[in-house]
Structure formats: C-alpha cells, structure tokens
> 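What follows is a single structure, and I will ask about it in a moment.
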Protein chains: 2
Amino acid sequence: MAAIVSTKADTPRGTRAQEDYLEQILSLIEKKGYARVVDIAKNLNIAQASVTGMIQRMDAEDLVSYEKYRGVILTSEGEKIARAIINRHESLTKFFKLFGLYDDTIYEDIEGIEHHMSPPTLATIQALTKELERQPALLDRVKSKVFQAT
Amino acid sequence: MAAIVSTKADTPRGTRAQEDYLEQILSLIEKKGYARVVDIAKNLNIAQASVTGMIQRMDAEDLVSYEKYRGVILTSEGEKIARAIINRHESLTKFFKLFGLYDDTIYEDIEGIEHHMSPPTLATIQALTKELERQPALLDRVKSKVFQAT
DNA sequence: AATTATTTATAGCCTAACCTAACTTTAATT
DNA sequence: AATTAAAGTTAGGTTAGGCTATAAATAATT
C-alpha cells in the first residue's frame with residue numbers, strides 16, 4: 001500500500017505566522033467551541049492588538065471569517081491549512097517521542113520545523129515511525145548514544 | 001560513548017537570514033578563497049544591495065568583518081555559527097538521503113528546518129542515521145511505503 | 001439600570017529583511 | 001592611459017509582523 005506522493009507542493013499555504021494562528025484557532029475551536037482573540041494572543045505569546053491585526057489580514061485573504069467583536073471562524077481554506085499543520089505537528093511529536101527527548105525540546109523544535117516540511121518528507125517520517133515502533137532494540141541503541149532522557 | 005547533551009541552547013545565534021548568509025559566506029570562502037557580495041547575492045537569490053545592507057549589519061554585530069569595497073571575512077563568532085549550520089545541513093542531508101527522497105525535496109526542506117533544530121534533536125538524528133545505515137531491510141520497508149524514489 | 005471589568009479595536013510606531021534606481025569604485029580591455 | 005564593464009554602495013521605499021497606549025464595545029456585577 002504505497003502512498004504515492006506527488007512532487008508539487010500540494011500543501012496549501014499561508015505564511016509561517018499565519019499557520020501558527022490557524023493551528024491555534026482550530027485547536028481552540030475544537031477544545032472550547034470558539035476562538036477568542038484574547039486566548040489566541042495568550043497561547044501564541046503575542047499582544048492582543050497584534051492578533052486583531054493579523055486576523056483582519058487573514059480575513060482579507062480568506063483564511064478566516066471575522067466580524068468585529070464577533071468571534072473568528074475558519075474558512076474551508078483556513079481549515080485545510082490548519083489540519084495539515086496539526087497533522088504535521090502530531091506526526092513529528094510521535095516521531096521524536098520515540099527517542100526520549102525532553103518534551104520542551106520536542107515542542108520547540110517542532111514549532112520551528114513543522115512549517116517547512118514537505119508532504120513527501122512528512123510521509124517518510126510517518127512511515128519510519130511505524131517501522132521504528134517495532135524496533136525497541138534499535139531505539140535503545142539510539143537513546144543510549146544521546147543522553148537526554150525525559 | 002554517550003554524547004551528553006545539555007538542555008540550554010548552546011547554539012550561537014544569529015537570525016534565520018543571518019545564518020543563511022553565514023553558511024554561504026563560509027562555503028564560498030572554502031571553495032574559492034574569498035566571498036564576494038555578488039556571489040552571495042546570486043547563491044541566496046537576493047539583490048546585491050540587500051546583501052551589502054545585511055553584511056553591514058552583521059559587521060556591526062560582529063558576525064563578519066567587512067571594509068568597503070574589500071571582501072567579507074568571518075569573525076570567530078560568525079565562523080562558529082556557520083560551522084554549526086553547515087553541520088546541521090550535512091547531517092540532515094545524510095539522514096534524508098537514506099530514504100530516497102528527491103534531492104530537490106531534501107534541499108528545500110532542509111533549508112527550512114535547519115534553522116530550528118536544537119543540538120539534542122540533531123544529535124538524535126545523527127545517532128539514528130548511524131543505526132539505520134546498518135538496517136537496509138528496514139529502510140526498504142520505509143521506502144516502499146512512500147513512493148518517491150530518486 | 002448603572003457601574004465596573006473584560007475583551008476588542010484603532011492609531012501610531014518599530015525592526016528585519018527585502019526591493020529598485022542611481023551612483024561610485026575597482027577591474028579589465030582596448 | 002582612457003574607456004568600458006563589473007562589482008559594490010547609497011538612498012529611499014515596501015511588507016510582514018510585531019509593540020504600546022488609548023478608545024470603544026460587550027459582558028458581568030452590584
């Protein structure tokens with residue numbers, strides 16, 4: 001069951017920062033049912049005013065739908081991007097957890113690299129993760145070389 | 001021989017863009033003996049004027065040493081960063097090459113992620129690469145799942 | 001219902017990192 | 001040595017994505 005992966009970036013794109021916003025917005029909506037500016041700001045460590053500004057730009061670019069003083073919701077385009085980035089985030093987390101790295105280390109690294117990983121490369125990491133899950137001995141050898149256990 | 005890896009980011013830092021410049025400058029110096037503005041610009045796909053400007057900022061920040069109309073050289077700080085980023089680049093290339101991804105795919109992804117990978121995570125990738133080199137059967141299984149051979 | 005607190009929005013500002021167009025300096029060629 | 005070509009610099013401008021301070025709108029509390 002080979003996953004045929006195209007070369008052309010089939011990944012929908014916003015900027016790096018926009019991907020962060022979309023990821024947060026979707027995760028807030030799924031967790032609380034709505035996404036408030038104040039929570040987005042808190043989670044991304046950004047000033048409220050900056051969030052308002054960005055959301056207005058993202059509304060103009062049809063990534064979210066927004067009306068003043070009402071909440072923010074995702075357009076289908078925005079949701080597609082959000083799901084892709086969340087998928088990347090989860091896959092990478094699963095992968096790095098195999099090696100016993102600190103959660104903080106994992107989180108920070110992924111925060112940076114998730115925005116830059118193409119579908120084929122991600123698919124490779126996913127496939128590799130599956131194989132490695134069946135190789136505890138190999139994993140132990142790797143872990144013993146890098147001593148940074150959780 | 002466990003590589004003990006500290007948590008504190010022992011990675012010297014410039015900005016993302018500065019790391020790209022430093023990487024280019026060092027690689028030009030090693031290849032041709034000197035780094036000209038025009039070549040840096042060409043390799044990074046950036047206008048000459050932008051390179052001049054950035055180099056002036058990097059001179060002020062002691063990452064490079066520069067005199068008008070003369071060439072650019074790296075300070076020891078700049079060289080340290082450059083070597084770190086080149087090391088990351090090479091390690092990641094080696095890793096992704098294991099799986100038969102397209103060279104272009106590899107190059108683009110690494111260009112993005114190399115700026116965001118911590119020393120512990122990089123050390124893990126390096127250790128994993130070594131182990132996987134001895135596991136052709138496992139690699140074949142991964143490759144067969146992701147069909148994007150070179 | 002009036003007041004207070006919370007949340008959003010606006011205005012104005014800043015920095016990084018790019019750009020083009022025009023000018024200057026150095027290098028190469030006749 | 002004079003001219004042309006190439007490389008480098010300066011000036012001025014743009015855009016993304018932040019910031020603070022202030023004002024307006026909504027929500028909560030007395």
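Throughout, protein chains are lettered first and strands after them, A, B, ... in sequence-line order, and every chain is numbered starting at 1.
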> Taking the nucleotide of DNA chain D with the closest heavy atom to each, which residue, A/T15 or A/A49, is nearer the 5' end?
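Looking at DNA chain D, the more 5' nearest nucleotide goes with A/T15.
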> Taking the side chain of B/Y21 as its heavy atoms from C-beta onward, which of D/dT20, D/dG8, C/dC18 lies nearest to it?
C/dC18
> Residues from residues 28-44 of chain A sitting under 4.0 Å of DNA chain C, heavy atoms only?
A/R36, A/V37, A/V38
> When you compare the side chain of B/K94 with that of B/E133, does any pair of heavy atoms fall below 4.5 Å?
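They are in contact (side-chain heavy atoms under 4.5 Å apart), so the answer is yes.
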> Given the rule in the salt bridge (charged side-chain N to carboxylate O under 4.0 Å, His left out) test, do A/E79 and A/R83 qualify, once you have shown the distances and angles that lead to the verdict?
CA-CA 6 Å; A/E79 183 172 340; A/R83 293 211 182 279; 2.9 Å; yes
> Would you say B/S50 places a side-chain N or O within less than 4.0 Å of OP1 or OP2 belonging to C/dA17?
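Looking at the OP1 and OP2 atoms of C/dA17, neither is under 4.0 Å from any side-chain N or O of B/S50.
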> What pair of heavy atoms forms the shortest contact from B/E111 to B/R16, and how long is it?
O-NH2, 3.9 Å
> Under a 4.0 Å heavy-atom cut-off, which of residues 52-75 of chain B touch DNA chain D?
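Residues of residues 52-75 of chain B that come under 4.0 Å of DNA chain D are, in numerical order, B/T52, B/Q56, B/Y66, B/K68, B/Y69.
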> Let's see if you can work this out: which of D/dG18, D/dT10, C/dC18 has an atom nearest to the side-chain heavy atoms of A/I46?
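Between D/dG18, D/dT10, C/dC18, the one nearest the side chain of A/I46 would be D/dG18.
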> Grab the CD-C1' distance between A/Q18 and D/dA16 for me, whole Å please.
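Whole-Å distance recorded here is 9 Å.
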> Could you check A/E131 against B/R141 for salt bridge (charged side-chain N to carboxylate O under 4.0 Å, His left out), going step by step and ending with a plain yes or no?
CA-CA 8 Å; A/E131 290 298 328; B/R141 284 200 297 282; 2.7 Å; yes
> Measure the distance from CD on B/Q48 to P on C/dT25 and round it to the nearest whole Å.
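Taking CD of B/Q48 and P of C/dT25, I get 16 Å after rounding.
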> State, yes or no, whether a side-chain contact exists between B/L74 and B/L22 at a heavy-atom distance under 4.5 Å.
yes
> Which residue, B/V146, B/I113, B/I110, B/D109, forms the side chain to side chain contact (heavy atoms under 4.5 Å, CB included) with A/T121?
B/D109
> Base, sugar-phosphate, or nothing for B/A47, non-hydrogen atoms under 4.0 angstrom?
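Base contact.
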> Which heavy atom of B/S65 sits nearest to which heavy atom of B/D59, and what is that distance?
CA-OD1, 3.5 Å
> In this structure, is the centre-to-centre distance between the rings of B/H116 and A/H115 below 6.0 Å?
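That pair fails the under 6.0 Å test.
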